[in-house]
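In this chain, numbering begins with 1 at the start of the sequence shown.
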Amino acid sequence: MENVKIEHNSFGKRLRSMLKVDFRRMFTMPLFYIMTGICLVIPILILVMTTMMDGSVTVDPQTGAETVMEGFKNVWQIIGTVSGESSAMAMNMTSMCNINLLYFFAAVFVCLFVSEDFRSGYAKNLFTIRAKKGDYVISKTLAGFVCGVCMLLAFFIGSMLGGAIAGLPFDTGVAGASGIVMCLLSKMLLMAAFVPIYLFMSVIGKQKTWLSMVGSLCISMLFFMLIPMLTPLNAGIINVILCFAGGVLFSVGMGAVSNIALEKTSLV
């Protein structure tokens, strides 16, 4: 009599299978390329248009008050601000229209990416036949993080192109080249702290995309002003470590909460 060998479906095999499916879906869906392309074009438009309008004066017809339009003086301003500068917390155009806006973009992608699973019935079928909810949470978190990093890199490339077209200086100033590299790396690692929050709101909203998106964007606004503080233009290794630690803690903590939410709630 032949021995029947039963193959054990280990955690590693399940996770690899989930990652393969999620990354194949992400890299074949138009949404990923549309949003990444938008991230590439936005800094070009911002830098070119603000440079053209720099110094222009607008007058309020009711009060007669004059407002002088101030554009970017340096390419790196659209990436971040040096720690200690007042503009890091100011509510003006150069401090708001920068790479930090991509944390909102990441929220939109994660919400749409996850809600499609519940809307199409894919998630319910997936959990029924093979995958565990913890595997799903880990896979979606990694996919959302990679997408967020791709958006940041696209924005950075667009900033270099936009700065060259607008004729803005590339002088690194007090930040230095190493500070800019650390700044970009910190922003990438900090994305790992935001994506799990978006994933949690997505598993709460499920097929209700509007609900998960509203919740994610509201939470993003609450933490938005912390981004320039944790990822200044003159960032150092301590900023990288803090963002890495925050990303790990949020990924583990919010991942566990998302797993509980999937276990305790209906999949429809």
Would you please say whether a donor-acceptor pair under 3.5 Å links the side chains of Tyr198 and Ser220?
yes
Heavy-atom closest pair, residues Val75 and Gly163:
CG2-CA, 3.6 Å
Cluster partners of Trp210, using ILVMFWY side-chain heavy atoms under 4.5 angstrom, listed by chain and number?
Leu211
To the nearest 0.5 Å, how far apart are NZ in Lys73 and OG1 in Thr51?
9.0 Å
Would a single hydrophobic cluster contain both Leu101 and Met213, if residues Ile, Leu, Val, Met, Phe, Trp and Tyr are joined by side-chain heavy-atom contacts under 4.5 Å?
yes
Minimum heavy-atom separation for Cys111 and Ser216, please, with both atom names.
SG-OG, 3.4 Å
Within one Ile-Leu-Val-Met-Phe-Trp-Tyr cluster: Met191 and Leu142, side-chain cutoff 4.5 Å
yes
Remaining members of Val252's ILVMFWY cluster at a side-chain heavy-atom cut-off under 4.5 Å?
Met182, Leu185, Leu189, Ile237, Val240, Ile241, Phe244, Val248
Partner residues of Asp22 under the side-chain hydrogen bond (donor to acceptor under 3.5 Å, both in side chains) criterion, sequence neighbours left out
Ser139, Lys140
Between CG of Leu242 and CG of Leu230, what distance do you get to the nearest 0.5 Å?
7.0 Å
Could you walk me through whether Val108 and Phe105 satisfy the side-chain contact (heavy atoms from CB on, under 4.5 Å) test, starting with their C-alpha distance in whole Å, then the side-chain angles of each, then the deciding distance to 0.1 Å, before giving a yes or no?
CA-CA 5 Å; Val108 174; Phe105 273 58; 5.7 Å; no
Residue pair Ser115 / Gln207, side-chain heavy-atom distance below 4.5 Å
no
Among residues two or more places apart or on two chains, list those pairs meeting salt bridge (Lys or Arg N to Asp or Glu O under 4.0 Å) that have a residue in residues 184-197.
none
Please name all residues satisfying ring-ring contact (aromatic ring centres under 6.0 Å, His included) with Tyr103, sequence neighbours left out, ordered by chain then number.
Phe194
Is there side-chain contact between Ile99 and Leu152, with at least one heavy-atom pair below 4.5 Å?
yes
Does Phe200 have any ring-ring contact (aromatic ring centres under 6.0 Å, His included) partners at least two apart in sequence or in another chain, and if so, which?
none
Identify the two heavy atoms, one from Pro196 and one from Ser258, that lie closest to each other, and give their separation to 0.1 Å.
O-OG, 4.2 Å
From CE (Met254) to CE (Met201), nearest 0.5 Å
8.5 Å
Under the side-chain contact (heavy atoms from CB on, under 4.5 Å) test, residues paired with Ser178 that sit two or more places apart
none
Sort and list the pairs that fulfil ring-ring contact (aromatic ring centres under 6.0 Å, His included) and have at least one residue in residues 165-186, not counting sequence neighbours.
none
Would you list the atom pairs, donor with acceptor, under 3.5 Å between side chains in residues 23-46 and any protein atom, with sequence neighbours excluded?
unit_1, atom_1, unit_2, atom_2, d
Arg25, NH1, Asp117, OD1, 2.7
Arg25, NH2, Asp117, OD1, 3.1
Thr28, OG1, Arg24, O, 2.6
Thr28, OG1, Arg25, O, 3.2
Tyr33, OH, Phe27, O, 2.6
Thr36, OG1, Phe32, O, 2.7

For the student: nearest non-hydrogen atoms of Val82 and Leu233, plus distance:
N-CB, 3.9 Å
Distance-minimising heavy-atom pair for Gly134 and Asn259:
N-OD1, 3.1 Å
With distance as the sole criterion, is a donor-acceptor pair present between the side chains of Ser186 and Thr231 under 3.5 Å?
no
If you compare all heavy atoms of Val110 against all heavy atoms of Ser202, which two are closest, and at what distance to 0.1 Å?
O-OG, 3.9 Å
Could you list the residues that satisfy ring-ring contact (aromatic ring centres under 6.0 Å, His included) with Phe223, not counting sequence neighbours?
none
Under 3.5 Å, is there a donor-acceptor pair between the side chain of Ser17 and the main chain of Lys13?
no
Can you tell me how far apart OH (Tyr136) and CG (Leu262) are? Round to the nearest 0.5 Å.
7.5 Å
Are Leu190 and Leu222 connected into the same hydrophobic cluster when the rule is that any two of I, L, V, M, F, W, Y join if their side-chain heavy atoms are below 4.5 Å apart?
yes
Consider only side-chain heavy atoms of I, L, V, M, F, W and Y, link residues closer than 4.5 Å, and tell whether Val181 and Leu102 are in one cluster.
no
Rounded to the nearest 0.5 Å, what separation is found between the CG atom of Asn98 and the OG1 atom of Thr81?
7.5 Å
Which distance, rounded to the nearest 0.5 Å, do you find between the CG of Leu47 and the OG of Ser159?
6.0 Å
Residue pairs fulfilling side chain to side chain donor-acceptor pair (under 3.5 Å) with at least one residue in residues 234-253, sequence neighbours excluded
Ser83-Asn234
Shared hydrophobic cluster for Leu249 and Met188 (ILVMFWY, side-chain gaps under 4.5 Å)
no
With side chains defined as the heavy atoms from C-beta onward, is the minimum distance between Phe224 and Ile227 less than 4.5 Å?
yes
Report the residues that fulfil side-chain hydrogen bond (donor to acceptor under 3.5 Å, both in side chains) with Glu116, sequence neighbours left out, ordered by chain and then residue number.
Arg119
